[in-house]
Amino acid sequence: MEEEKPKPKSKSIIKIQELLDKYFYRIFNESHLLYTIIFFISAILIALISLIPDWGDLILFLATTISLAFIFLMFFGLIPKLNDFLFSTIKKFDRNKIFGFLIAFGISFVIILVYFLLGHSTQLTIQFLGWDLILPTIFIIIYFGWNLIQIFFLKGGFEDLSVKINNKVLPKSELSETKEYLVITFLILGLAAPILMQIGTLYGFWSYFAPEIEGDPLDNLYLYIGWNAVVFIIIGITSWRLISLYLKSKKNETPNIFSSMFYIFIWIIIWYRAFSFTNALRGATQTTGTDIIMAILDVLLMVATAILVLKGLGDKAYSSRILNVNNMPFFLFAFTFLYIEGQIIMITGAGSLPGFFTDRNQINLISNFLMLIITVFFYIWYSEYVLERKGLIMRKHYNQEEVITIITDFKEYLKNNEALDINKIGDKEFQDFLQMKKLEIKGIRLIETELKKGSEEEMTSQKEEEAEIETRDEEKDSLEKKQIKENSNEEEIE
């Protein structure tokens with residue numbers, strides 16, 4: 001009996017699949033869907049076990065083993081002969097994929113088991129290399145470290161989107177009154193967006209902090225109002241920054257909507273962190289019991305958020321030789337698992353590291369506040385930096401490569417306008433000047449190469465001209481001799 005062929009997919013399904021593959025590195029593709037399901041099941045399992053007291057060591061063991069298994073699969077994905085075995089698209093749940101995962105999991109299980117049995121800090125000369133010390137420390141560093149630097153990965157996507165919208169709405173041409181109106185409209189939209197989002201959050205959470213019975217303490221409500229006051233102060237600071245950048249771009253005669261769109265995207269992250277902080281504050285101030293369903297949903301949300309954030313990391317790491325379209329998901333799964341474990345371990349404790357917090361709300365309060373503050377400071381710095389680099393406002397800051405480029409262009413400008421005696425100030429003198437100003441960087445080598453290339457081209461061109469002139473002279477002499485000879489022959493005949 002012949003195997004039934006899969007039904008052809010509709011164009012809309014194919015288009016959606018292509019978008020998912022592009023932005024999520026094929027984790028939802030048929031070639032990787034099984035591994036994605038294993039990842040989510042493993043995350044839920046870790047979440048459930050974390051609710052059991054004194055099981056921190058088991059969680060640490062499982063998280064490390066599963067993460068290492070995905071790392072092995074990442075290296076298996078570099079072998080072209082294993083592509084059909086590990087990434088078949090014929091079947092979503094191919095036995096070969098299950099077998100491949102079990103091999104990777106078995107290898108990592110043996111390695112981590114031996115490490116746990118023989119690598120305790122009391123068994124090693126260098127105690128910090130013991131699994132009970134180094135693994136919990138690494139996971140906590142990954143959790144907080146990634147949370148603190150994730151904005152540097154997200155900004156690339158925000159910047160690209162802002163450029164596309166700017167070019168779509170304001171094509172490169174002389175600004176008309178209509179375009180100026182659009183710039184003002186997007187500026188107002190940018191200023192209004194965070195205010196509206198925070199007002200919605202303020203009223204949405206008000207009932208959770210307001211006293212249920214008249215006469216109850218108002219401490220929680222005052223705390224909530226105080227936090228919202230802080231957020232509105234942040235809105236005021238960032239709004240003034242956006243307005244000042246608009247005025248600078250207008251003065252530079254380069255009005256744009258890039259700045260407003262970038263502001264809106266950054267504020268989506270700031271608002272999300274403020275919202276998460278408020279939600280964690282609600283959980284920390286209310287004496288409610290542990291809700292298993294909410295705990296699982298919280299972990300699922302954290303996993304989904306981590307995958308979205310790790311897209312930025314994938315953009316940075318994709319150019320690496322050890323990462324390709326097939327093994328990139330395994331890298332993301334391994335890293336995300338360590339990220340999740342970093343949060344869980346601060347509650348459960350593991351090895352020689354005790355639990356620092358009683359629940360996730362306390363961790364979320366700290367991490368979201370830190371991420372919010374870092375995002376705000378990042379915006380205040382980067383918003384001006386990126387506009388300078390794009391020529392939308394007057395540039396005040398230059399790096400060494402840019403300084404060298406400007407000096408080189410000025411030298412060429414003087415040279416082309418015959419305002420510079422190249423016999424007195426040649427390439428050597430120019431390089432000596434750059435070194436004297438401590439501009440000894442890679443850019444110099446590039447400039448040297450360009451200058452040498454230019455000199456060689458000039459010499460080659462000059463030689464070609466001389467050869468052409470010489471050829472012309474020879475042809476001219478030859479014609480003159482021939483003509484003289486013909487004239488002499490005619491005289492002899494006469």
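Excluded from the calculations below are hydrogen atoms, water molecules and symmetry mates; all remaining heavy atoms, backbone and side chain alike, are included. Position 1 is the first residue of the sequence, and the numbers go up from there. The structure presented is a predicted model; accordingly, all values stated were derived computationally and were not measured.
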Rounded distance (nearest 0.5 Å) linking atom [atom1] of [X] with atom [atom2] of [Y]:
| X | Y | atom1 | atom2 | answer |
| --- | --- | --- | --- | --- |
| L338 | L135 | CG | CG | 9.5 Å |
| L392 | N256 | CG | CG | 4.5 Å |
| K248 | I393 | NZ | CD1 | 5.5 Å |
| F209 | N228 | CZ | CG | 8.5 Å |
| T65 | F337 | OG1 | CZ | 10.0 Å |
| I140 | I363 | CD1 | CD1 | 8.5 Å |

Are the side chains of [X] and [Y] in touch, meaning some heavy atoms are under 4.5 Å apart?
| X | Y | value |
| --- | --- | --- |
| F61 | F109 | yes |
| I345 | Y143 | no |
| F75 | N327 | no |
| F232 | I199 | yes |
| L387 | S249 | no |
| F105 | L68 | no |
| M371 | I151 | no |
| F39 | T336 | yes |

What are the two closest non-hydrogen atoms of [X] and [Y], and how far apart are they?
| X | Y | result |
| --- | --- | --- |
| A69 | A104 | O-CB, 3.5 Å |
| Y379 | R241 | CE2-CG, 3.8 Å |
| L118 | Q123 | C-OE1, 3.3 Å |
| S383 | I380 | OG-O, 3.6 Å |
| I257 | I165 | CD1-O, 3.7 Å |
| N252 | G391 | ND2-O, 3.5 Å |

Relative to the ring of [Y], is the ring of [X] parallel (under 30°), tilted (30 to 60°) or perpendicular (over 60°)?
| X | Y | value |
| --- | --- | --- |
| Y208 | F205 | tilted |
| Y382 | F378 | parallel |
| F265 | F158 | parallel |

Treating [X] as the side-chain partner and [Y] as the backbone partner, does any N or O pair qualify as donor plus acceptor under 3.5 Å?
| X | Y | value |
| --- | --- | --- |
| Y246 | L187 | no |
| S67 | A334 | yes |
| E388 | Y385 | no |
| D132 | H120 | no |
| T254 | K250 | no |
| N166 | S162 | no |
| N220 | L223 | no |

Practice item. Let me see the working for F333 and T36 under side chain to side chain contact (heavy atoms under 4.5 Å, CB included), right down to the final yes or no. Key: CA-CA 8 Å; F333 292 154; T36 304; 3.4 Å; yes
Practice item. Run the numbers on N326 and H32 for side chain to side chain contact (heavy atoms under 4.5 Å, CB included), then give the verdict. Key: CA-CA 8 Å; N326 283 327; H32 292 75; 3.7 Å; yes
Exercise for review: Consider only side-chain N and O atoms of Y263 and W267, and report whether a donor and an acceptor are under 3.5 Å apart.
Suggested key: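 Present: a donor and an acceptor within the cut-off.
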Review point. Just by distance, with hydrogens left out, do T348 and W55 show a side-chain donor and acceptor under 3.5 Å apart?
Key: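 Not at all, the side chains of T348 and W55 share no donor-acceptor pair under 3.5 Å.
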Point to revise | From CA spacing to verdict: side chain to side chain contact (heavy atoms under 4.5 Å, CB included), L60, T64 | key: CA-CA 6 Å; L60 181 64; T64 308; 4.1 Å; yes
Point to revise | Within the 6.0 Å centroid threshold, strictly below: Y272 and F275 | key: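 No, the ring of Y272 stays outside the 6.0 Å limit from the ring of F275, centre to centre.
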Review point. Would Y35 and F101 count as a close aromatic pair, with their ring centres under 6.0 Å?
Key: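 Centroid distance Y35-F101: not below 6.0 Å, so no.
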**Study point:** Over-ring placement of K97 relative to F87, 6.0 Å and 45° cut-offs
**Key:**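 Cation-pi check for K97 and F87: fails.
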Practice item. From the options W227, W271, Y224, select the one residue that forms a ring pair (Phe, Tyr, Trp, His ring centres under 6.0 Å) with F277. Key: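 Between F277 and the candidates, ring pair (Phe, Tyr, Trp, His ring centres under 6.0 Å) is satisfied uniquely by W227.
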Check your understanding: Around atom CG of L196, are there more than 12 heavy atoms of other residues, nucleotides or ligands at under 6.0 Å?
Key ->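 For L196, atom CG is crowded (more than 12 foreign heavy atoms under 6.0 Å).
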Check your understanding: Within a radius of less than 6.0 Å around CH2 of W381, do more than 12 heavy atoms belonging to other residues, nucleotides or ligands occur?
Key ->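 Count over threshold, so yes.
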Exercise for review: List the steps, then state whether side chain to side chain contact (heavy atoms under 4.5 Å, CB included) holds for E341 with I59.
Suggested key: CA-CA 8 Å; E341 173 61 8; I59 297 172; 3.0 Å; yes
Exercise for review: Might you work through the salt bridge (Lys or Arg N to Asp or Glu O under 4.0 Å) test for K390 and E159, ending with a clear yes or no?
Suggested key: CA-CA 11 Å; K390 293 183 180 300; E159 189 175 334; 3.3 Å; yes
Point to revise | R389 bridged to E384 by N-O distance under 4.0 Å | key: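 A salt bridge is absent here (no side-chain N lies under 4.0 Å from a carboxylate O).
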